[in-house]
Number of protein chains: 4
Amino acid sequence: MANKPAPDASRRSERSRRAIFDAALALVGEVGYDKLTIEGIAARAGVGKQTIYRWWPSKAAVLLDAFGSVVEEYDQVGLPDTGDLAADLKTVLRATADEFNDAAWQAPYRALAAAGANDEELSRTFVGRLMEPGTRVYVDRLRAAQEAGELDPDIDLRIGAEMLLSPFSQRWLMRTGELTHAFVDTLVDQVLRGLRPRD
Amino acid sequence: MANKPAPDASRRSERSRRAIFDAALALVGEVGYDKLTIEGIAARAGVGKQTIYRWWPSKAAVLLDAFGSVVEEYDQVGLPDTGDLAADLKTVLRATADEFNDAAWQAPYRALAAAGANDEELSRTFVGRLMEPGTRVYVDRLRAAQEAGELDPDIDLRIGAEMLLSPFSQRWLMRTGELTHAFVDTLVDQVLRGLRPRD
Amino acid sequence: MANKPAPDASRRSERSRRAIFDAALALVGEVGYDKLTIEGIAARAGVGKQTIYRWWPSKAAVLLDAFGSVVEEYDQVGLPDTGDLAADLKTVLRATADEFNDAAWQAPYRALAAAGANDEELSRTFVGRLMEPGTRVYVDRLRAAQEAGELDPDIDLRIGAEMLLSPFSQRWLMRTGELTHAFVDTLVDQVLRGLRPRD
Amino acid sequence: MANKPAPDASRRSERSRRAIFDAALALVGEVGYDKLTIEGIAARAGVGKQTIYRWWPSKAAVLLDAFGSVVEEYDQVGLPDTGDLAADLKTVLRATADEFNDAAWQAPYRALAAAGANDEELSRTFVGRLMEPGTRVYVDRLRAAQEAGELDPDIDLRIGAEMLLSPFSQRWLMRTGELTHAFVDTLVDQVLRGLRPRD
DNA sequence: TAATAACCGAGACGGTACGTCGTGTCTTTAA
DNA sequence: TTAAAGACACGACGTACCGTCTCGGTTATTA
């Protein structure tokens with residue numbers, strides 16, 4: 001069954017791993033995902049191609065690990081809870097909008113989202129590792145609001161979070177609209193109107 | 001400046017054009033977008049490579065045309081308007097969910113969405129030609145409801161439509177969840193609660 | 001059966017063919033056969049690797065063709081026949097010895113002889129194309145002498161030629177001795193003693 | 001100057017040495033010299049690569065040692081001397097022909113002869129260790145005959161031996177002809193005619 | 001009605017990258 | 001302390017496609 005000899009992870013060169021991540025992120029920003037090549041990453045990292053192939057199955061997997069290792073440092077301790085749900089959401093989503101408009105994030109994120117669309121295996125990892133944790137903090141914040149009686153107890157919070165986040169992501173990914181602060185504010189307002197308790 | 005000789009479209013072989021579309025759609029379903037090649041399309045279509053390069057700049061463009069020519073046949077008679085907005089939306093979105101779960105649609109649609117993420121030019125065309133018209137019929141239906149007093153007059157209808165469609169597309173594209181009828185129903189309900197007139 | 005698509009020889013680029021020959025011969029002289037690579041030949045010739053793989057199965061085959069195309073220009077109109085067999089043989093073998101001591105010939109010839117030892121298919125071509133014609137002119141000259149009564153009519157002329165040529169080639173190929181004029185003279189004398197008519 | 005750490009030969013593992021020889025000989029027979037690799041030998045021998053690199057500079061050197069250790073067991077008890085030189089030579093050469101037609105000998109012998117053609121250093125060792133001793137016994141036997149008055153006293157015995165052995169080796173190495181008993185007999189007769197005393 | 005363009009199928013070409021294999025060096029683990 | 005195991009940087013392998021470029025051979029106007 002195990003048709004790959006399974007390399008010995010304990011002997012792995014941390015130096016090379018880091019250099020590969022740096023090279024991959026730098027290159028995807030410089031030349032774009034389509035022109036990102038394993039050969040190019042190896043050359044930039046000063047590493048043999050085999051060292052990449054030994055540990056990752058594809059350039060998408062390399063990029064996912066590289067980007068993941070960066071993103072996870074940033075990763076959220078949760079959303080603020082000032083008691084004003086709408087304000088809290090607007091604050092965070094405005095900041096996120098700014099972040100998504102930053103070129104350094106665009107290339108790898110877009111690349112991974114795109115690669116995931118055509119590769120189910122990859123998309124499971126991408127979603128599980130990078131998107132799901134982000135979504136969860138929104139669900140958690142909504143739950144806190146629900147428990148505080150600010151949201152209707154019958155609401156599906158997961159879908160509520162998606163109503164907030166998906167229009168946001170979609171606009172960015174497909175370039176169907178700008179991620180302005182005005183957009184964020186209107187979105188939060190219209191979504192929350194649907195989630196609040198009925199009179 | 002005119003660095004492309006601009007082929008004479010009137011002499012174009014309709015036979016070849018069709019064969020290329022058929023080949024592209026068949027192949028993207030069989031081998032996936034990443035392994036779809038111009039050479040492969042040409043061979044399958046019984047066509048010289050140059051015939052493809054003469055008329056399209058990339059495999060994405062070929063696929064977009066091919067898929068577009070299929071999709072546009074199906075397209076837009078508008079949404080039903082029975083007077084019951086929620087029911088109308090559920091009906092159509094349930095049908096769309098079934099369609100998106102159909103394997104024949106998946107490959108080319110995913111491929112184009114993905115290709116668009118990394119290619120701004122392509123994504124403009126993709127969105128403008130295939131996604132925007134679909135969104136517009138929802139906006140139109142919402143506007144009709146708004147004019148009938150079923151929706152709050154201050155609502156941003158474009159964002160309203162996105163609240164409905166983006167969670168739907170996102171789940172499918174990123175495989176973050178199933179497109180079930182139950183999901184569709186809950187989504188419609190929670191969205192419409194936010195759009196209806198305040199008491 | 002024919003599992004190779006068989007390239008269309010009529011469209012072949014003569015320019016590339018020549019450039020490949022030149023590059024192969026130059027490189028084998030510069031770096032030796034073991035470090036001769038298809039990639040190196042392609043680069044030096046300004047040619048794609050595939051252009052080499054399309055027409056030849058191995059670097060040995062390329063070199064054989066390249067060397068063959070050079071050698072065949074030189075190729076013998078036959079041995080001199082002054083009536084004095086021993087003198088004729090000495091003249092020609094001395095010249096050949098000088099030629100074999102020339103560095104330009106050494107590399108490709110040695111390389112092909114060596115490659116042939118491990119590759120039966122190749123050695124058949126090498127022998128048939130480059131060695132056999134050379135041997136034949138000796139057999140022909142011996143036959144003329146035999147018909148003139150200078151050699152015993154019962155002699156096996158092919159073996160006679162081998163007695164002359166093999167010690168010569170062997171010394172050179174295996175470096176078991178120098179190819180001096182003195183060696184040539186003694187060899188011719190001792191061989192001819194064995195071939196002349198018995199009293 | 002001493003740029004190699006010079007491993008301590010006294011601590012050397014005899015077990016590994018043998019295993020490496022066995023593996024090298026087995027593999028050269030199975031896959032041929034070109035596909036013989038150090039890695040392959042190490043794996044087959046159950047030995048680390050470094051153990052090979054520590055003691056030999058190349059795969060040719062390993063094979064030479066391996067083959068040498070086998071050949072030297074067989075070696076040289078000298079040629080028979082029944083008083084009938086022609087008969088003695090025919091006997092031995094016929095036996096040698098049979099031996100050369102044996103597949104087990106072919107691969108390593110051919111491989112080494114070929115490798116030697118392109119590697120002067122190696123060829124000196126190959127010739128000195130494996131070929132020269134074989135030639136010498138012929139020279140010795142011819143000298144005995146010369147001293148017994150069966151051969152002309154002015155004959156160059158080394159060249160005489162080459163007239164006998166080179167056509168033989170050459171036929172085999174370059175596959176220019178079969179090593180039949182008939183060939184051996186004719187060769188011996190024609191050579192000896194040239195070496196015998198003149199009337 | 002011939003000539004003269006174009007598109008067309010075909011596929012060779014110079015290239016780039018693929019993913020694999022072997023080289024020779026170096027380090028880690030276990031006897 | 002030595003040897004197995006094997007990760008590493010490197011370089012070449014032989015293959016697949018890229019996009020460009022002829023090559024005949026149909027069409028399908030234009031002279």
Side-chain angles (χ1 to χ4, degrees), chain A residues 5-13 15-17 19 35-43 45-55 57-59, chain B residues 5-17 19 35-43 45-55 57-59, chain C residues 5-13 15-17 19 35-43 45-55 57-59, chain D residues 7-8 11-13 15-16 34-43 45-55 57-59:
Chain A
D8 180 346
S10 71
R11 304 219 160 170
R12 185 168 186 180
S13 162
R15 197 183 190 306
S16 295
R17 195 173 144 272
K35 292 189 180 169
L36 179 67
T37 65
I38 299 261
E39 215 147 56
I41 297 171
V47 136
K49 280 200 289 179
Q50 200 57 43
T51 299
I52 299 182
Y53 284 110
R54 186 151 35 229
W55 302 108
S58 66
K59 69 174 179 177
Chain B
D8 179 349
S10 71
R11 280 181 176 280
R12 185 168 186 180
S13 161
E14 180 60 17
R15 198 184 188 304
S16 295
R17 194 173 145 273
K35 294 190 178 169
L36 179 69
T37 64
I38 300 262
E39 288 207 337
I41 296 171
V47 137
K49 285 200 291 178
Q50 200 57 251
T51 302
I52 297 182
Y53 283 110
R54 187 154 31 230
W55 302 107
S58 67
K59 70 174 178 176
Chain C
D8 180 346
S10 71
R11 286 185 190 261
R12 185 167 186 180
S13 161
R15 196 185 190 304
S16 295
R17 194 173 144 272
K35 293 190 179 167
L36 179 68
T37 64
I38 299 262
E39 216 149 54
I41 297 170
V47 138
K49 282 202 287 179
Q50 201 58 44
T51 300
I52 298 182
Y53 284 110
R54 184 150 38 227
W55 302 107
S58 66
K59 69 174 178 177
Chain D
D8 179 349
R11 282 184 176 275
R12 184 168 186 181
S13 161
R15 198 185 190 303
S16 295
D34 288 346
K35 293 189 179 170
L36 179 69
T37 65
I38 301 262
E39 288 207 337
I41 296 171
V47 136
K49 282 200 293 178
Q50 200 57 251
T51 302
I52 297 182
Y53 283 111
R54 193 162 16 239
W55 302 108
S58 67
K59 69 173 179 178

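Residue numbers begin at 1 in each chain, while the letters A, B, ... track the order of the sequences.
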State, to 0.1 Å, how close Ala19(B) and Ala45(B) come at their nearest heavy-atom pair, and which atoms those are. O-CB, 3.5 Å
Closest nucleotide of DNA chain F for Lys59(B) versus for Gln50(D): which of these residues is on the 5' side? Gln50(D)
By the 4.0 Å heavy-atom rule, please label Ser13(D) as base, sugar-phosphate, or nothing. sugar-phosphate
Provide the start and end nucleotides, 5' to 3', of the part of DNA chain F that has atoms under 4.0 Å from heavy atoms of chain C. dA12(F) to dC23(F)
Tell me: CZ of Arg17(B) to P of dC8(E), nearest whole Å? 12 Å
DNA chain E nearest-nucleotide lookup for Ala45(C) and Ala43(B): closer to the 5′ end is Ala43(B)
Take the C1' atoms of the five end pairs on each side of the helix from dT1(E)-dA31(F) to dA31(E)-dT1(F), get both axes, and report the angle to 10 degrees. 10°
Minimum heavy-atom distance between Ser58(B) and Ile38(B), given as atom pair plus value: C-CD1, 4.3 Å
Contact class for Gly46(C) (heavy atom, under 4.0 Å): base, sugar-phosphate, or nothing? sugar-phosphate
To the nearest 0.5 angstrom, please state how far the CD1 atom of Ile41(D) sits from the NZ atom of Lys59(D). 8.0 Å
Please determine whether the number of non-hydrogen atoms from other residues, nucleotides or ligands lying under 6.0 Å from atom CZ of Arg12(A) exceeds 12. yes
Would you kindly check if the NZ (Lys) or CZ (Arg) of Arg17(A) is within the cone defined by 45 degrees around the ring axis of Trp55(A) and under 6.0 Å from the six-membered ring centre? no
If the cut-off is 4.0 Å, is Thr37(D) near the phosphate of dC21(E), judged by side-chain N/O to OP1 or OP2? no
Output yes when at least one side-chain N/O atom of Arg54(B) is less than 4.0 Å from OP1 or OP2 of dC8(E), else no. yes
Is there a donor on the side chain of Lys49(D) or the base of dG24(E) sitting less than 3.5 Å from an acceptor on the other? yes
Hey, does the side chain of Ser16(C) come within less than 4.0 Å of dA12(E)'s phosphate (OP1/OP2), counting only N and O? no
Which sits closer to the 5' end of DNA chain F, Val47(A) or Lys35(B), going by the nucleotide each is nearest to? Val47(A)
For the atom pair CG (Asp8(B)) and CZ (Arg11(B)), what is the distance rounded to the nearest 0.5 Å? 6.0 Å
Round to the nearest Å and state the distance from Ile41(D) atom CD1 to dG24(E) atom P. 11 Å
Given DNA chain E, 5'-ward residue of the pair Glu39(B) and Arg11(A), judged by closest heavy atom: Glu39(B)
Can you list the steps and then say if Lys49(C) with Ile52(C) is a side-chain contact (heavy atoms from CB on, under 4.5 Å)? CA-CA 5 Å; Lys49(C) 282 202 287 179; Ile52(C) 298 182; 5.8 Å; no
From C-beta outward on Arg12(C), which listed nucleotide comes closest to its side chain: dC13(E), dT20(E), dT23(E)? dC13(E)
